[in-house]
Amino acid sequence: MSNIYVVGSINMDLVQQVQSFPQPGETIHSVHSFYSPGGKGANQAVAAAKSGAETYMLGAVGSDAFADELTTSLMQKGVNIEQVLHKAGTSGVATITVDGSGQNHIILTAGANGELTSEDSQGWYGLFKKGSIVLFQNEIPWRTTQDTMKAVRQAGGYTIFNPAPAMPIPEEALPLIDLLVVNETEAEVISKRAAGTISAAKQAAETILETGVPRVILTLGEQGSLYMDQDGLSFVTPAYSVHAVDTTAAGDTFIGALAARLALTSQFKDWNEALAYASAAAALTVTRRGAQESIPTLQQIEAFIA
Ligand code: ATP
């Protein structure tokens, strides 16, 4: 069985629900506010662990009051936190304001995530083995991500890259990616083509494969997802029809659950099955509020599919 390693961000999300956004200089009251653990890396790790995979978080928290809460929360959700580094200063923080119409403003403080250097990541290289599955996003310094991808490939591991927030992928990184997972915006930034419908997504995916990436998955919210690879396999996995109340962490759940399924069941042979599972996991997430607490377990996902 392959271990899953997630090299990425750990954030505290500070969420304020307001009736309407304040004007510059204005002070307003929130309708409701809460804080909860998030960060794309941590969310994906929680999704993989809740789907039953042996999952390690490779990232950093600060020395503030959030640090303990963030690592404890990961541990309680089944993620191994032995390799999480502690940096002086603040942990990653996302300040999220949501207005009455559901629009949001997000201010991201990279904190400890932004302090993760290539030298730090070298301490993790010994963990990677043949068959290790390693997930990357774009919320830590790019140089650290790229150098760690190289180390994973040298060890015979498998790299899954979710370039979020959206970024053009530097040419030298393209050969380091085994599977690219992008949403509509990310696909458009990389392919420089529209990707908002399944038919447009097919063209965008073809353009992405021309860069040399061997396989790509393009997610399109309630339209489902598209898989395409260099061997000519291409199929659409429809989204489940559910009553969505909060789409936060849909994409992260999809990726973490997919990685777990590839590690535990499909062994990279049955992409259809793994994607149907990921789609069910993400569908359940959008029926619940919040980030990590909305991510379902293996049992819940299997019961939903049955
Ligand atoms: P987010 O940034 O909100 O976490 P994302 O933009 O990275 O998400 P999406 O493409 O919106 O990713 O969603 C990922 C997958 O989650 C979709 O391919 C689909 O399977 C599932 N999904 C998302 N939204 C819905 C929905 N409203 N109903 C059912 N499934 C959904």
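Numbering of ligands and ligand atoms starts at 1, following listing order.
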Is any side-chain heavy atom of [Y] closer than 4.5 Å to one of [X]?
| X | Y | value |
| --- | --- | --- |
| I10 | F66 | no |
| Q16 | S33 | yes |
| D246 | S294 | no |

So, is [X] polar-close to ligand 1, with some N/O to N/O distance under 3.5 Å?
| X | value |
| --- | --- |
| N183 | yes |
| T248 | no |
| V242 | no |
| A250 | yes |

For atom 2 (O) of ligand 1, is the nearest protein heavy atom under 4.0 Å away? no

Residues forming a side-chain contact (heavy atoms from CB on, under 4.5 Å) with Q223, sequence neighbours excluded: T197, I198, L220

Checking contacts here: is it the side chain or the backbone of T219 that comes within 4.0 Å of ligand 1, counting heavy atoms only? Could be both or neither. both

Counting only heavy atoms closer than 4.0 Å, does ligand 1 sit against the backbone of T285, its side chain, both, or neither? neither

Given P165, G221, A278, identify the one with the heavy atom nearest to atom 23 (C) of ligand 1. G221

Among A187, S279, A257, A276, which one puts a heavy atom closest to atom 20 (O) of ligand 1? S279

Mind checking who shares a hydrophobic cluster with L284, ILVMFWY linked at side-chain heavy-atom distances under 4.5 Å? Y240, V242, Y277, V286, L298, I301, F304, I305

In this structure, CZ of F161 is separated from CG of L135 (nearest 0.5 Å) by 11.0 Å

Calculate, to the nearest 0.5 Å, the distance between atoms CD and CG belonging to E139 and L116 respectively. 12.0 Å

Nearest neighbour in protein (non-hydrogen) for [atom]:
| atom | result |
| --- | --- |
| atom 30 (N) of ligand 1 | A239 CB, 3.7 Å |
| atom 29 (C) of ligand 1 | Y240 O, 3.1 Å |
| atom 16 (O) of ligand 1 | A282 CB, 3.1 Å |
| atom 15 (C) of ligand 1 | F254 CD1, 3.8 Å |

Decide side chain to side chain donor-acceptor pair (under 3.5 Å) for D64 and T90; before the verdict, give the C-alpha distance in whole Å, the side-chain angles of both, and the deciding distance to 0.1 Å. CA-CA 6 Å; D64 54 1; T90 60; 5.2 Å; no

Between R261 and E302 (salt bridge meaning N to carboxylate O under 4.0 Å), is one present in this structure? yes

